Every structure is written in C-alpha cells, then in structure tokens.
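Basis for what follows: all heavy atoms, side chains included, without hydrogens, waters or symmetry-related copies. Please read all numbers here as calculations on a predicted model, not as lab measurements.
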Amino acid sequence: MGDMKEIRDPATEDKAIEAAVLRQLLVLYPVQLTLKELKREIAGEEDAFALVDAVERAVRELAAAGLVHQNGEVVLPSRAALRLDELFG
C-alpha cells in the first residue's frame with residue numbers, strides 16, 4: 001500500500017504525457033520531429049505499447065487544442081504554443 005502515491009488516474013496520466021510531448025517539442029524547436037521520432041524521444045527505445053499509444057493520443061489532443069500541428073508525419077508546436085512558451089519562459 002505504500003506505493004499508492006505512484007498510482008494516477010488515466011486523465012492525470014494523459015495530461016502528464018501531453019505536457020511531456022509539448023515540452024519536448026518546444027525544447028527541440030526549430031528541429032522538426034516526425035511522430036516516430038517523438039515517440040522514441042518520449043518512450044525511449046522500449047517497445048512499450050501503452051506509452052507509445054499515449055504519445056499518439058497526446059499529439060491528437062494537443063492538435064485538437066491548437067497547440068501542435070501535424071503535417072503528415074512531422075509534428076510541430078503551434079505559434080500559440082511557441083508564444084506561450086516565450087511568455088512563461
């Protein structure tokens with residue numbers, strides 16, 4: 001029972017992955033990453049299906065919110081995300 005701090009609900013976990021994806025895109029910008037490269041950056045070389053799937057969901061959710069653009073396989077932060085990053089430093 002001492003490990004209960006490590007257990008997160010799915011919504012909290014999804015938000016954490018979305019934040020990690022956006023942070024990675026902002027840190028590496030202007031480098032353009034493909035979705036495959038982004039998944040490798042976040043999930044590592046492991047073939048962790050759940051984490052890879054979570055990254056794909058995060059990209060979809062961030063795109064729907066207008067924070068990233070996906071052009072084919074390339075994923076980029078939006079102008080709004082770049083400006084927010086500039087303001088919050």
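- Closest of all the heavy-atom pairs between Ala54 and Ile17 is O-CG2, 3.6 Å.
- For the pair Leu33 and Val75, the minimum side-chain heavy-atom distance is 4.5 Å or more.
- In plain terms, the two heavy atoms of Gly66 and Ser78 that are nearest each other are O-OG, 2.7 Å.
- Heavy-atom minimum distance, Glu18 versus Leu62: O-CD1, 3.6 Å.
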N/O donor to acceptor pairs below 3.5 angstrom from side-chain atoms of residues 82-89, sequence neighbours left out:
unit_1 : atom_1 : unit_2 : atom_2 : d
Arg83  : NH1    : Glu86  : OE2    : 2.3

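- Ala58 approaches Val21 most closely through the heavy-atom pair CB-CG2, 3.9 Å.
- Smallest separation of non-hydrogen atoms from Gln32 and Glu37: O-OE1, 3.9 Å.
- Residue Phe49 is not grouped with residue Val55 when hydrophobic side chains (ILVMFWY) are merged at heavy-atom distances under 4.5 angstrom, including chains of intermediate members.
- Following chains of ILVMFWY side-chain contacts shorter than 4.5 Å, one can reach Leu35 starting from Val68, so the two form part of one hydrophobic cluster.
- Between Ile42 and Leu51, the closest heavy-atom pair is O-CD2, 4.1 Å.
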### Query
Could you walk me through whether Leu25 and Val27 pass the side chain to side chain contact (heavy atoms under 4.5 Å, CB included) check?
CA-CA 6 Å; Leu25 290 171; Val27 166; over 6 Å; no
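- Atoms CD and CG, on Glu41 and Leu28 in that order, are 5.5 Å from each other to the nearest 0.5 Å.
- For residues 60-74, no residue pair satisfies the salt bridge (charged side-chain N to carboxylate O under 4.0 Å, His left out) rule, not counting sequence neighbours.
- Cluster annotation: Val74 is not connected to Leu67 through the hydrophobic network of ILVMFWY side chains, with a link wherever side-chain heavy atoms come within less than 4.5 Å.
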